[in-house]
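Some notes on the structure that comes next.
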Amino acid sequence: MGEQREVITADPYIVGKPPARPDGKPGFAAWTEKPSDLSRPDPATCSAPDTHDHAHGLIRVLSDAADAEGEWDPKMDDATLLEGLGYMMKLRVFDDRMIKMQRTGKLSFYMRSLGEEAIAIAQTMALKEQDWIFPTYRQPGAQFVRGRNLVSMINHCVGNIEDNVKGRQMPVHYTWKEGRFISVSSPVGTQFSQAIGVAMASAYKGLDEACITWIGDGASAEGDYHYAVNFASTFKPPVILCVVNNQWAISTHQNLATGGQNFAARGLAYDIPCLRVDGNDFLAVFAATQWARQRIDAGLGPTHMELYTYRAGPHSSSDDPSVYRHADEADYWPGGDPVERLKQHAIKKGIWSEEKHSALEKILDEEIMAAYKEAVKNGDLANGPYPPASTIFTEVYEEVPWHIQEQREELGK
Amino acid sequence: MGEQREVITADPYIVGKPPARPDGKPGFAAWTEKPSDLSRPDPATCSAPDTHDHAHGLIRVLSDAADAEGEWDPKMDDATLLEGLGYMMKLRVFDDRMIKMQRTGKLSFYMRSLGEEAIAIAQTMALKEQDWIFPTYRQPGAQFVRGRNLVSMINHCVGNIEDNVKGRQMPVHYTWKEGRFISVSSPVGTQFSQAIGVAMASAYKGLDEACITWIGDGASAEGDYHYAVNFASTFKPPVILCVVNNQWAISTHQNLATGGQNFAARGLAYDIPCLRVDGNDFLAVFAATQWARQRIDAGLGPTHMELYTYRAGPHSSSDDPSVYRHADEADYWPGGDPVERLKQHAIKKGIWSEEKHSALEKILDEEIMAAYKEAVKNGDLANGPYPPASTIFTEVYEEVPWHIQEQREELGK
Amino acid sequence: MTEMNMIQALNSALDERMNADEDIVVFGEDVGFFGGVFRVTDGLQKKHGAHRIFDAPLAEGGFAAMAFGMGINGLRPVMEIQFADYIFPAYDQIVNEMAKVRHRSGGEFTCPVTIRTPAGGGIRGGHHHSQSPEAQFTHTPGLKVVYCSTPRNAKGLLTSAIECNDPVVFFEPKRCYRGPFYGDPHNVPTWKGHEDADVPEGYYEIPLGQANMVQEGDACTVIAWGTMVHVAQQAIKDCGISCDLIDLQTLVPWDRDAVVNSVKKTGRVVVVHEAPKTSGFGAEMAASIQERCFYHLEAPIERVTGWDTPFPHTTEWDYMPSPSRIAEAIKRTQEE
Amino acid sequence: MTEMNMIQALNSALDERMNADEDIVVFGEDVGFFGGVFRVTDGLQKKHGAHRIFDAPLAEGGFAAMAFGMGINGLRPVMEIQFADYIFPAYDQIVNEMAKVRHRSGGEFTCPVTIRTPAGGGIRGGHHHSQSPEAQFTHTPGLKVVYCSTPRNAKGLLTSAIECNDPVVFFEPKRCYRGPFYGDPHNVPTWKGHEDADVPEGYYEIPLGQANMVQEGDACTVIAWGTMVHVAQQAIKDCGISCDLIDLQTLVPWDRDAVVNSVKKTGRVVVVHEAPKTSGFGAEMAASIQERCFYHLEAPIERVTGWDTPFPHTTEWDYMPSPSRIAEAIKRTQEE
Ligand SMILES: Cc1ncc(C[n+]2csc(CCOP(=O)(O)OP(=O)(O)O)c2C)c(N)n1
Ligand SMILES: Cc1ncc(C[n+]2csc(CCOP(=O)(O)OP(=O)(O)O)c2C)c(N)n1
Ligand SMILES: [Mg+2]
Ligand SMILES: [Mg+2]
């Protein structure tokens, strides 16, 4: 890091500011880190102090020239690599479709993963099938890896009668227990500390299960972040704690949210190995997560990592970032686009081409459009049908208690 | 540090344990740190990374031979040194008297500072008169430095009609605005994050005021700890954040409360200079605090420090530590006693003697006994009189609202 | 007088107070440069400076603690919780700390903090963008609790809240930010032309503890706050029964005289709120009214409330009290 | 049957459940080796192992989150909050997370957590060791709320709470740990010889949602929970009026039939609790009873409660409802 933090005022106390507001010139310090900068310590013996450089540097695999380099190169086989590329593309197409549909009122609201697709996808691919995924709204991509049915995802987003959470939560708040994808909750940060418990329960039962969870740069200011890190430090459960630093929390740049611009290193003092990872480098994200999983295999417990990335789109469908950041800020971001970077790498490797890419995009578009059409047969937010009003009263408790039963009868639906 | 953390079980997850339970042999790693180990960086230019060694080592001034040594030696003048010794002795005599009186029912409850007297006293002496003190129950000593009337302190502890908080809080929950000693609150940790606001308000008003606050090793697990550190990192207000690591939180040893045994270093990743200080070394505590205050003078804002000490007595008058730790554990503690260490130093310097010490003890005992007798004239918990029942209803709001007025009338007192 | 929507009225109160009183500082998530996700603080940073109004780190408990510290050290902080659903990480700082510091310190320290927060449903917010947690604060001595309902009382009450030397939790019905809501999601009027959209531009206060008699009648007393004031008004219109409609405005301390006098007149009561029924503030209203007006009551006090369930997303119109549910309740009070 | 005090009864419930069900884990501050500051978990670590019962870091919000995570992943955690006053840092995890996860996940994830916590006054605990915050949980759908009062129901109810597949907040009246409290601080009986100190040693449950009719009478219905059950019993004795005394035991969901049937019989009601009056659970009782029994009521429902102030230290006997205040209220109900 070492970047100078930009401030609006230091008098009487510091109030930070982003590198640029809409009328300024966006600035990001160029990345000097190279894939060859950092060693890959043995995960089965590595201690927290051994990761000092990894917490302060940046783990990369894909070079600017789109080659895979350095000790962290996971040497991914071609099929897996293309699979990952496909999931990222799928998520992007999916997000685009949903945003379009949101504009027509079929969904109340939507949140894209734009620019951050590599994270949940590469990470889920690096984990075992039985591992628990405890996401925020910015990691829906994990579901593609685990093979969730698209129609079911869309049923949820449009809140129709087939929504598996019965129209109770806003779109993007997926639940999918079968895929070990734990219910998304709106209060930011809560999952981070809860993941400790999930991992401890797996360990308690003697199962080979890990739990991965994420928190945003913004939400890492919540108490839950500290609980998670300190409890992970204390009990050493099989958990992977990921701070997704996409630079922004709605309109609040990380320069306003903390004075320590490096999130990764926070775990060192808690005796947890820490990695800072190029979040837009599919291979680096995969490799770092695989390393963390290997630590868990070795019985060593938690890893803390920062995924350094950039929120390329608006916070949500309700947000217009051009009010608070430069409209072209994304163009100045030196970290590139995760899909584009992996695509170029695959092309360079000779296993992919522009034509194949376009063709796949088209297939995905059709697949998603088909799923969408299938889903809205079950209704959508604009037109219904919705889950019946009776679902308001069920599953509040295991059994409906008398007072809720009375209320249900009062509603008479 | 580097001490191996002791655990009861590592299967299926780690559960720590103290070096010894009542039937074991107490163990503390010997201190290898010497007063000459650590440099004293220029407070007006020092950055967080410059304190790496200070966060991981231990700042000491008083050597095992009771000399003042090393760069951190504050070169305290004799009068000030003896003044400090006197305050520590006074606090200890005061605590002893109160514990005795608690046993007779004159107080409901009491908490001593035994073994930790140097902390609040040296720190308050190192600060400016106008600085805010935001204590836990373990820093009453600050009041002696600021000259609080003993009778008033005792009036509070025995909860009589002259208690300035009107019998509303338990003993040791002092409030003394005139001395800029902010009201003690039972929920642990809350003051730590609140201190940020106190410091920001002082800065906002353009006043040369700092705020010092403390939190226990146990309570540092609360969200408030993280809020404080991250807000201090963000706004850089004139605050001194002190973690008092006295090894125990009631029966819970720090080995059960975190896996990272060093509390000091936690602030580094937040871009806050961090010091780890021998908390039983009056001169080191003074010097470190003076240094932090000089940073504030220079407009640089927060310092984070760990005061490494040992809770030599029970948690409170309700506690019997021999149930959960070795009865003689204190004897194994290598950090010595803060009063004894400063006393020996003063004797070695030729400005103090055993006779003077005993004489002062006697004077203090009489002074406190006299204050005690004076205070209980205003009543005590065993016999009353208590603050009138009407004080239940006042100062809940600025003015008594109608519903509370009605209730007061209902009570009819 | 200027016509304002509720957002503008709140902005105007903040602006006027910040002009008048240097001790006011404002913070919360996204309230600085951006002006808040609902735009209530729009333009204020430019006017008053980043040291007076700024974005806080995303930690409600943390900036509540900061507000506490500023409050006891002479400032008058106004903090925004982005959605009332997210006030709970700050709950300890509010109920154990802010609420008690005056009392616990024998009056030496006071905490004049205002906590503004958009609350309530009607925006398809689901579980965690729709709650109306006022009752979770009314049980804590030391806090004042306010719930505005129109641009006019939003300004008047916020001014008083900021001036108040006690901590105030100030709820804003987000559904009514841009227009009143009469219970029909397909009817989305703005505040334009509404008489309560006429808001004084300068200093304007409505004392805390004072209810607003929205309309008078003699057959039933309808008590509501927030969005439900408008829904209840629609219900009264729909059922054609002559009602007193009391907008409580301040829940703690509530306006005893307004309520008791009305109930003594009508003998019938319907209390309406969005929050779940069990232990909602309607319970306190009902309990207190029967204590004070027992011999005047001609029918059971009715509560029309949200259900005792989490707040749903797609089916929210089946959750929020509707004009017809309220009208039914009013009618039931007349049957006896 | 063995004679137990409340601490032993709770310990026995935990022990029996931990023996029977491997999925139970127990944690909280000082509950491990030490056995808890009130000794409720004494000896259990030795018996069941440190992986099943251990000290949590001092972070109520943190170990509530841990309980949540364990709960949704198949365990049945029982966590202790050392004093109910310290439950608020965990409030968000309890009301926004535990309470809602079953519903929000369409029933895919459930959270069978039990939160035990000593509550209430009478031990000179002042502001922050005396609160009785049950009402702050009864307003949250998805939570069950229990308040025990004797060794016998402590064991029976805790067993049911642990077995319950919903999150349960379980309040223990710390004043009654070692003996019942009849409102006279100078009279400190133990549980010895009390009929409710006879507790079954093995599995023993009392269903949640069921009240206990402590004694029967016909002139008034007195409803209480926790310590106040005993104080109310004393008051009934003192005033010599024939009363039904209902120990509610479970507040959510409360026992409608027991309450309604009694009120229909007596026509008069006094609700007693320690917590402040405004928005206390007594408000819900009064509101619900007048809804359901309006035409049977002969007098206003009385609430005898703590005052709407923080809980004091030296003057706590002027704060807690006393037998004489309760007796006065019972008498008032007879006057009409
Ligand atoms: C406890 C809580 N406070 C506030 C919000 C409102 N909110 C939703 S997302 C968000 C910003 C989150 O930023 P970050 O953590 O960086 O995640 P990102 O959106 O960048 O992925 C805020 C303030 C919330 N959902 N929960
Ligand atoms: C929020 C909260 N939880 C629990 C308690 C009960 N309690 C009082 S002191 C204490 C231990 C504190 O230990 P530590 O922070 O190390 O401070 P020390 O007593 O050692 O000075 C506990 C658990 C409390 N007062 N507040
Ligand atoms: Mg972000
Ligand atoms: Mg300690």
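Quick note on labels: first sequence line is chain A, next is B, and so on, each numbered from 1. Predicted model, so just to flag it, every value in this text is computed and none were measured.
Within the cation-pi definition used here (under 6.0 Å to the ring centroid, within 45° of the axis), A:R408 does not qualify as a partner of C:Y319.
A 4.5 Å side-chain heavy-atom check between A:Y13 and C:F54 finds at least one atom pair inside the cut-off. C:Q82 places a side-chain heavy atom less than 4.5 Å from the side chain of A:I250. Side-chain contact between C:H128 and A:M170 is absent, with no heavy atoms from C-beta onward closer than 4.5 Å. Within the 4.5 Å cutoff, no side-chain heavy atoms of C:P310 are placed close to those of A:R168. Using a 4.5 Å heavy-atom threshold, the side chains of C:E60 and A:E222 count as touching. Under the 4.5 Å side-chain criterion, counting only non-hydrogen atoms from C-beta, A:T258 is not in contact with C:P57. Here the side chains of C:D55 and A:H253 are not in contact, with every heavy-atom distance at 4.5 Å or above.
Only the side chain of A:I8 comes within contact range of chain C, judged by heavy atoms closer than 4.5 Å. Residue A:V323 touches chain C through both its backbone and its side chain, counting heavy-atom pairs closer than 4.5 Å. Looking at A:I404, the atoms closer than 4.5 Å to chain C (heavy atoms on both sides) all sit in the side chain, from C-beta outward. At a 4.5 Å heavy-atom cutoff, A:D224 makes no contact with chain C through either its backbone or its side chain. C:D308 touches chain A through backbone and side chain together, each having a heavy atom under 4.5 Å away. Residue contact with chain A, scored on non-hydrogen atoms closer than 4.5 Å, involves the side chain of C:T278 exclusively. The contact between A:T252 and chain C is made by backbone and side chain atoms together, counting heavy-atom distances below 4.5 Å. Proximity to chain C is limited to the side chain of A:V188, based on heavy atoms less than 4.5 angstrom apart. Using a 4.5 Å cut-off between heavy atoms, C:F311 touches chain A through its backbone atoms (N, CA, C, O) alone. Proximity to chain A (any heavy atom under 4.5 Å) is shown, for C:E316, by neither the backbone nor the side chain. Interface residue C:Y86: only side-chain heavy atoms are found under 4.5 Å from chain A.
Summarising the geometry of C:L58 relative to A:G218, their closest heavy-atom pair is CB-O, 3.3 Å, with the distance given to 0.1 Å. Looking at every heavy atom in both residues, C:D318 comes nearest to A:A389 through OD2-CB, 3.4 Å. Between C:A50 and A:T9, the closest heavy-atom pair is CB-CG2, 4.0 Å. Of all heavy-atom pairs spanning A:D11 and C:H51, the tightest one is O-CB, 3.9 Å. A:S251 and C:D30 make their closest contact through OG-OD1, 2.7 Å (heavy atoms, listed as atom of the first residue, atom of the second, distance).
Distance check: A:E406 CD to C:K277 NZ gives 7.5 Å after rounding to the nearest 0.5 Å. Between atom OG1 of residue C:T315 and atom OH of residue A:Y386 there is a gap of 10.0 Å, rounded to the nearest 0.5 Å. Between the OG1 atom of C:T314 and the CG atom of A:L107 there is a distance of 12.0 Å, given to the nearest 0.5 Å. The distance from atom CD1 of A:I392 to atom CH2 of C:W307, rounded to the nearest 0.5 Å, is 8.0 Å.
Heavy atoms from other residues, nucleotides or ligands lying under 6.0 Å from CD of A:Q405 number more than 12.
Using modelled atom types, one finds a donor on one side chain and an acceptor on the other under 3.5 Å when comparing A:S108 with C:H313.
C:F33 has its ring centre no less than 6.0 Å from the ring centre of A:Y324.
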Does the pair C:H129 and A:S186 meet the rule for a side chain to side chain contact (heavy atoms under 4.5 Å, CB included), with working shown?
CA-CA 8 Å; C:H129 296 86; A:S186 304; 3.6 Å; yes
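Of the residues considered (A:R21, A:H403, A:Q169, A:K413), A:R21 shows the highest number of contacts with chain C, using heavy-atom pairs under 4.5 Å. Ranked by heavy-atom pairs under 4.5 Å with chain A, the list C:G125, C:P89, C:G62 is led by C:G125.
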